[in-house]
2 protein chains.
Amino acid sequence: MRSVAEDLTTRARIRDAAIGLFGREGFARATVRSVASLAGVSPALVIHHFGSKAGLRTACDEHVLALTATQGREKTDPGTTRMLIQDYLNHPDEYADEIAYIRRALSDESDAGNAFFDGVVNQTEDIINAGIQAGTIRAFADIRATAVVIASNSLSMLMLGRHLSRVLGAPVSGPHGIGPELLRQLTLPALDVYTNGFYTDSRFLDAAREALQQQESTTEGSMPRDPGNRRRGVA
Amino acid sequence: MRSVAEDLTTRARIRDAAIGLFGREGFARATVRSVASLAGVSPALVIHHFGSKAGLRTACDEHVLALTATQGREKTDPGTTRMLIQDYLNHPDEYADEIAYIRRALSDESDAGNAFFDGVVNQTEDIINAGIQAGTIRAFADIRATAVVIASNSLSMLMLGRHLSRVLGAPVSGPHGIGPELLRQLTLPALDVYTNGFYTDSRFLDAAREALQQQESTTEGSMPRDPGNRRRGVA
DNA sequence: CCAGCGACTGAACAGGTGTTTAGTGTTTGA
DNA sequence: TCAAACACTAAACACCTGTTCAGTCGCTGG
């Protein structure tokens, strides 16, 4: 849920205007002047409060990240998730700016985008582990990689929302294009694939497994196998 | 495969430099001057050849779109697809600029991005139909929506490549971040989900179906059901 | 031979950019 | 009560942007 208190500090008003504008136009195309005029202040005041345009961006990053972190907790509980989704379906516009901003952050490869993606992957991994223990989710060989695949699939709707809506003829709502009608059309097909699979049998999987093993044996040890971020990589 | 003829027209050199720069920096941040210096010419010549920066972008759009259209044909044949993938794995750098450019076009919601996405969805639909007839792919209720889901999932790797590589500790190669090691790590988990599903049974699917039917009956007829682009939407 | 044409450049232009500066009032705290 | 701190602005700054202009070079057809 979301409190709609509109008595914000000027600083906060500028920041929110920037979040909306950065999400809609991108960081490069949104100007300090446009942010200022949207917030109803002078350009100089924007700099006065945030030091520079980059500083404003950092403040936006931190704000959006803090918001999503609060909502991200306890997502392992399916009830909470459902509540969040229903809340979104009832008040799509209130989240629109932040969603669009996150999409931009993920595209621009900013630190905030990195942190957000890491968080989603870690949450997905938690959900998978909980689901395996509850017996609702299959016990995968490489849970981390599976979490990455699932997280990536989920975020594709965020990244490509406008395209999905356009192709399916659903109304393109908000700066991200994800409206209730789009969710209505995609939920069952997506869950169907996740439940019954896409292929009829394991032919493709087996072929890929063999191909990879073959390649593995020919290039043995040539890859320096960086362990990387394979758990808890949040900044 | 790809011919590596480096005796290009100046016009083509400028265009290729622009494709690389637009993909790496984005259209707004890449300047005419930077394109010119990368191509080794004066800024004025860029305008002389393409009329304006927007004209240059249009030329890049058309060029990349033409390239991908050639490669997109006959993807229904699994052999062709495999050849393309292997070709990519052997020469990842040659495609890097175009891949990054397409990623940008999909993000910026340009006409080229729209056309590209529509093409991918239509090809996916063709593949599904062929697979259903061949018995390798399940016969889905809503083939179009399923194609959208699958296409969107596939393109998520393109959109989020850098994040995927970072989280999995795979080397971030090229401006898009998709390297052979990333493919190696994700192929089996992805195919596993597509083959055996993600959930152990149809509990989630059934719950969603019921929830949607319930919602359907309460909001009956309130939605203006635009048929939209539900087939062959390429420009 | 040379007029004409296209590729190409250096310099300039107008407008937009982020940022600074000097200066408003207005609040606050001793 | 007065000075310091604050929120805020108009105007200017230096720089960067896309684009134009005048002009040079080299080639090519008559």
Side-chain angles (χ1 to χ4, degrees), chain A residues 5-64 97 101 104-105 107-112, chain B residues 5-64 97 101 104-105 107-112:
Chain A
E6 276 306 340
D7 53 347
L8 292 166
T9 332
T10 305
R11 196 189 135 93
R13 255 186 26 243
I14 296 173
R15 188 205 51 217
D16 287 357
I19 289 175
L21 225 45
F22 287 164
R24 254 169 279 148
E25 315 263 347
F27 181 73
R29 269 187 17 193
T31 68
V32 173
R33 282 173 173 82
S34 64
V35 171
S37 99
L38 185 61
V41 299
S42 72
L45 190 63
V46 176
I47 302 296
H48 169 72
H49 275 300
F50 298 94
S52 67
K53 192 188 178 186
L56 174 59
R57 189 213 184 121
T58 308
C60 293
D61 280 354
E62 285 167 1
H63 184 71
V64 171
D97 279 353
Y101 189 91
R104 229 67 198 214
S107 287
D108 296 356
E109 193 75 10
S110 68
D111 286 350
Chain B
E6 278 304 340
D7 53 346
L8 292 166
T9 331
T10 305
R11 195 189 134 95
R13 258 189 20 248
I14 296 173
R15 192 227 311 119
D16 287 356
I19 289 174
L21 225 46
F22 287 163
R24 255 169 278 148
E25 316 263 346
F27 181 72
R29 268 186 15 184
T31 67
V32 173
R33 280 172 174 82
S34 64
V35 170
S37 98
L38 186 61
V41 299
S42 72
L45 189 62
V46 176
I47 303 296
H48 169 73
H49 274 300
F50 299 94
S52 68
K53 192 188 178 186
L56 173 58
R57 188 213 185 119
T58 308
C60 293
D61 281 353
E62 283 167 3
H63 183 72
V64 171
D97 280 353
Y101 189 91
R104 227 71 196 210
S107 287
D108 297 358
E109 193 76 9
S110 67
D111 285 350

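Order of the sequence lines fixes the chain letters, A, B, ..., with proteins taken first and strands second; residue numbering starts at 1 for each chain. Owing to the predicted nature of the structure, the values given are computational and were not obtained by experimental measurement.
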Original post:
Which nucleotides of nucleotides 15-20 of chain D have their base under 4.0 Å from a protein heavy atom (B), which only their sugar-phosphate (S), and which neither (-), written as one string 5' to 3'?
Top reply: --BBBB

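When the salt bridge (charged side-chain N to carboxylate O under 4.0 Å, His left out) test is applied to A/Arg33, no partner is found at least two apart in sequence or on another chain. Residues satisfying the salt bridge (charged side-chain N to carboxylate O under 4.0 Å, His left out) test with B/Arg11, not counting sequence neighbours, are none. Checked against ring-ring contact (aromatic ring centres under 6.0 Å, His included), B/Phe27 has the following partners two or more places apart in sequence or in another chain: B/Phe22. A/Asp16 is linked by a salt bridge (charged side-chain N to carboxylate O under 4.0 Å, His left out) to nothing, counting only residues two or more places apart in sequence or in another chain.
Separating the NE2 atom of A/His49 from the C1' atom of D/dA5 is a distance of 14 Å, rounded to the nearest angstrom.
You can see that DNA chain C meets the heavy atoms of chain B within a 4.0 Å-exclusive cut from C/dA7 to C/dA12, reading 5' to 3'.
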Original post:
A/Arg13 and A/Val41: side-chain contact (heavy atoms from CB on, under 4.5 Å), yes or no, with the steps?
Top reply: CA-CA 10 Å; A/Arg13 255 186 26 243; A/Val41 299; 3.8 Å; yes

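Counting only heavy atoms from C-beta outward, the side chains of B/Arg57 and B/Asp108 approach each other to under 4.5 Å. Counting heavy atoms from C-beta outward, B/Arg29 and B/Leu21 have side chains that stay 4.5 Å or more apart.
Smallest separation of non-hydrogen atoms from B/Arg24 and B/Arg104: O-NH1, 3.3 Å.
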